[in-house]
Amino acid sequence: MDQNFHDTNDDNSLKRRLLINQNKESSNGIHTREEIQNIIYEVSKGSKFFNNEKVKDDLSTEKMNALIQKAEIIKGKDLVVERSVVENKIKELKKNRNLDNFIDAFYASVHELENPELKDKPMAVGGERMLCTANYAARRYGVRSAMPGYIAKKLCPELILIPVNFPKYEAFASQIRQIFEVYDPNFQSMSLDEAYLNITGLINRITVKKNILFFNPDYSVKHNMSPVDVVNEIRNKIYLKTKLTASAGLAANRFLSKVCSDINKPNGLYVLPNNVEAIMEFVHKLNIRKVPGIGRVLEKTLNGLDITTCGDILKNNVLLYKLMSNTTFNFLLKRSLGLGDVEFSDAERKSIGVERSFEPIDNMELMILKLETMSSSLAEDLTEKNLKGLVLTLKLKSYEFKLTTRSKTLSNSIHTFEDIFSNSKQLLKAEFKERNFNLKVRLLGLQLSKLSSVSTLNENDGILKYLKRGRDPESEDYKCLDSTKREANKFICPVCQEIFTTELKISSHIEFCLHKSSSAVDAFPSKKNKCHRTNPMTKDNISQKSIFSFLETKNKKKIDKKTIFCPICNAISFDEENVAELNSHIDNCLRS
DNA sequence: TACATACAC
DNA sequence: TATGGTGTATGTA
Ligand SMILES: [Mg+2]
Ligand SMILES: [Mg+2]
């Protein structure tokens, strides 16, 4: 067990908190981890930032200790029912495991874009106040992205700082995306330097170029390519085109492939075979912090319960079931079984905003000037994306790093500079008054949410006449959708019900969907019941005719519903088809 | 609905 | 001297 989290006397917990991005251990480091930790701690000590981190860390320690106490009580109990509920969940998850997909996670080493002469010298991109990335020579010293440059220099006095050149990185990223597009038109880029590709269909029989499908029934035979061959072909093309190296992970879902892509950095590939034994062995010893979605706080909490690996999660599943929220438990359980989330594409934007840090100011007129600039910038972004928003949020960070947000729902959606500026001024003035005109901030931000589109599209064009446009909250057909979102310009695939934002995208998608089989997806739909994406490219071809009959039956309500009573309280009943709701109820019933 | 917190990149 | 900006999800009241 990690003693650090139980002992706050020498600030070990805080030290670890300050050690951002350091969890990725550098193999041949100059300093030990403890040395790095102490240097950062000593340099930071006493600053406003440090003091705020201390407050937050103490709060999270308190919460963790409360949870540990609760755990002690639970451990003494006989949890027969809970155990069986969890076992059933596991059974269900295992039943739905999908090992048919080949998901590829890429990470491009963009820091290699800088001067080749600097390759062997410690170099970081960014400034004295903040770094974006660092080369491997610098990482050996403990220099990491998201670290202030001046602290990095304490770790590595000879560190060379290179100013960021965003357009340059974007240009290279765009080149790489052009390569990705050929292999998976629905690839997801997570940032400039990271992306996921689903190459399953490519392995089977289909290839795509510029949104046009090419069917190659004997693709894999003709080219004799394995998934690994495809990944290496992509990495090679990236290198030839950009001279950048890329590391990659290949596995059955995004969670696993992402973790894998981190193993052979830089310029390497790690393959996790698509079989249950290999996957279970892999996650058994996987450190929880490596799991996307587990950050420093959840790591600390779980460590407090003696949980450090995904194997520990599985071992303690009944305890976690009682201790964590439903959502968190389901998430953890899935990861401990090597399962990812259902894949979505084209998730709609939910907010758009802008924020800026500056030398702390306490003068309202100066703050209004900042708001003016940001309102203008936000209005520009909204125009570009054709959006308007109903809720305006003002974000303030005090000179002591305390965060506050103030929001209001407007009578109408807004998108112009004038509307944003005047409403943000009102929010700021109200806050000033609220604080008796004592307000000193180092950051201001504006955000619009509850977005809708300004323009409209003709829904009777092309394939759209077969689709439902927008979302009708009254309609049973859209039961799987979140009824709170009612914006226009959503195109819903009639086959798998996936949502798209443009006609082009859905037309392309439907082509895929028409050829999918009924194979299982990775795990089950998330709590929000967003529409899942089945494997779009698999073996069984479905004829055009059968698809349209499928379309028709899809809209018919089911009859002959059976009723099931909650086995715990026996008081509430559910429809047979509403298994998710029943499960959720049982969870709450057991927890209370 | 409003706000805070956690997380990714 | 000095610790980012953009966006999503979730818990709580
Ligand atoms: Mg993590
Ligand atoms: Mg990145």
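Naming: A, B, ... by sequence-line order, numbering from 1 per chain.
We find that Lys54(A) and Asp58(A) are joined by a salt bridge, their nearest charged nitrogen and carboxylate oxygen being less than 4.0 Å apart. The existence of a salt bridge linking Asp341(A) and Arg254(A) is excluded, since no basic side-chain nitrogen approaches an acidic carboxylate oxygen closer than 4.0 Å.
Residues satisfying the side chain to side chain contact (heavy atoms under 4.5 Å, CB included) criterion with Glu34(A), sequence neighbours excluded, are Thr32(A), Gln37(A), Asn38(A). Taking Arg177(A) as the reference, Glu170(A) meet the salt bridge (Lys or Arg N to Asp or Glu O under 4.0 Å) condition, with sequence neighbours excluded. Residues passing the ring pair (Phe, Tyr, Trp, His ring centres under 6.0 Å) test with Phe417(A) are Phe421(A), sequence neighbours excluded. Scanning for side chain to side chain contact (heavy atoms under 4.5 Å, CB included) contacts around Phe432(A) gives Met364(A), Met367(A), Leu428(A), Phe437(A), Leu439(A), with sequence neighbours left out. Applying the ring pair (Phe, Tyr, Trp, His ring centres under 6.0 Å) rule to Tyr41(A) yields the partners Phe50(A); only residues at least two apart in sequence or on another chain are considered.
Remark: C1' of dA2(C) and CD of Glu42(A) are 17 Å apart, rounded to the nearest angstrom. The interatomic distance linking Phe358(A) (CZ) with dA2(C) (P) rounds to 16 Å, in whole Å. Straight-line distance from the NZ atom of Lys154(A) to the C1' atom of dT1(C): 11 Å, rounded to whole Å. Rounded to whole angstrom, the span from the CE atom of Met374(A) across to the P atom of dG5(C) amounts to 10 Å. In this entry the distance linking CD of Gln447(A) with C1' of dA2(B) reads 13 Å, nearest Å. As a whole-Å value, the separation of Leu390(A) CG from dA2(B) P is 9 Å. Protein atom CE of Met324(A) is 19 Å distant from nucleotide atom P of dA9(C), rounded to whole Å. In this entry the distance linking NZ of Lys408(A) with C1' of dC3(B) reads 17 Å, nearest Å.
Applying the 4.0 Å criterion to OP1 and OP2 of dA2(B), one finds that Thr393(A) has every side-chain N and O outside that range. In this model, the phosphate group of dG7(C) is not approached by any side-chain N or O of Ser351(A) to a distance below 4.0 Å at OP1 or OP2. At dA2(B), one or more side-chain N or O atoms of Thr409(A) fall inside 4.0 Å of OP1 or OP2 (strictly under the cut-off). Taking 4.0 angstrom as the limit, Arg356(A) places none of its side-chain polar atoms (N or O) nearer than this to OP1 or OP2 of dG4(C). Here Lys350(A) does not reach the OP1 or OP2 of dG7(C): none of its side-chain N or O atoms lies under 4.0 Å away.
For Val391(A), the listed nucleotide lying nearest its side chain is dA2(B); candidates were dG4(C), dA2(B), dA2(C). Each of dG11(C), dT6(C), dA2(B) was ranked by its minimum atom distance to the side chain of Ser407(A); first place goes to dA2(B). Side-chain atoms of Lys395(A) lie closest to dT6(C) of the nucleotides dA2(C), dT10(C), dT6(C). Relative to the side chain of Arg129(A), the nucleotides dT6(C), dA2(C), dG7(C) differ in distance, and dA2(C) lies closest.
Counted by atom type alone, Asp104(A) and Ser257(A) present zero donor-acceptor pairs between their side chains at under 3.5 Å. Remark: the Lys300(A) side chain and the Ser13(A) side chain contain an N/O donor-acceptor pair separated by less than 3.5 Å. A side-chain donor-acceptor contact under 3.5 Å links Asn326(A) and Asn330(A). A donor atom on one side chain and an acceptor atom on the other are found under 3.5 Å apart for Glu112(A) and Thr245(A).
For residues 367-394 of chain A, the set of pairs meeting the side-chain hydrogen bond (donor to acceptor under 3.5 Å, both in side chains) definition, not counting sequence neighbours, is empty. Residue pairs satisfying the ring pair (Phe, Tyr, Trp, His ring centres under 6.0 Å) criterion with at least one member in residues 388-415 of chain A, sequence neighbours excluded, are listed as follows: Phe49(A)-Phe401(A). Within the structure, salt bridge (charged side-chain N to carboxylate O under 4.0 Å, His left out) contacts touching residues 422-434 of chain A (residues at least two apart or in different chains) are Arg406(A)-Glu431(A), Glu431(A)-Arg435(A).
If you check residues 423-434 of chain A against DNA chain C, you find no residue with a heavy atom closer than 4.0 Å. For DNA chain B, no neighbouring residue in residues 378-385 of chain A is found when judged by any heavy atom under 4.0 Å.
Base contact: Ser47(A) has a heavy atom under 4.0 Å from a base atom. The residue Ile352(A) sits close only to the backbone: its heavy atoms come under 4.0 Å of sugar-phosphate atoms, none of a base.
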With B for base contact, S for sugar-phosphate-only contact and - for none (protein heavy atoms under 4.0 Å), nucleotides 4-9 of chain B reads S-SSSS
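For DNA chain C, runs of at least 3 consecutive pairs of the Watson-Crick or G-U wobble type, with both hydrogen-bonding distances under 3.5 angstrom, map to B:1-9 with C:5-13.
Nearest-nucleotide positions on DNA chain C for Arg349(A) and Ile151(A) put Ile151(A) closer to the 5' end.
In this structure a side-chain-to-backbone donor-acceptor pair under 3.5 Å is present from Gln22(A) to Gly142(A).
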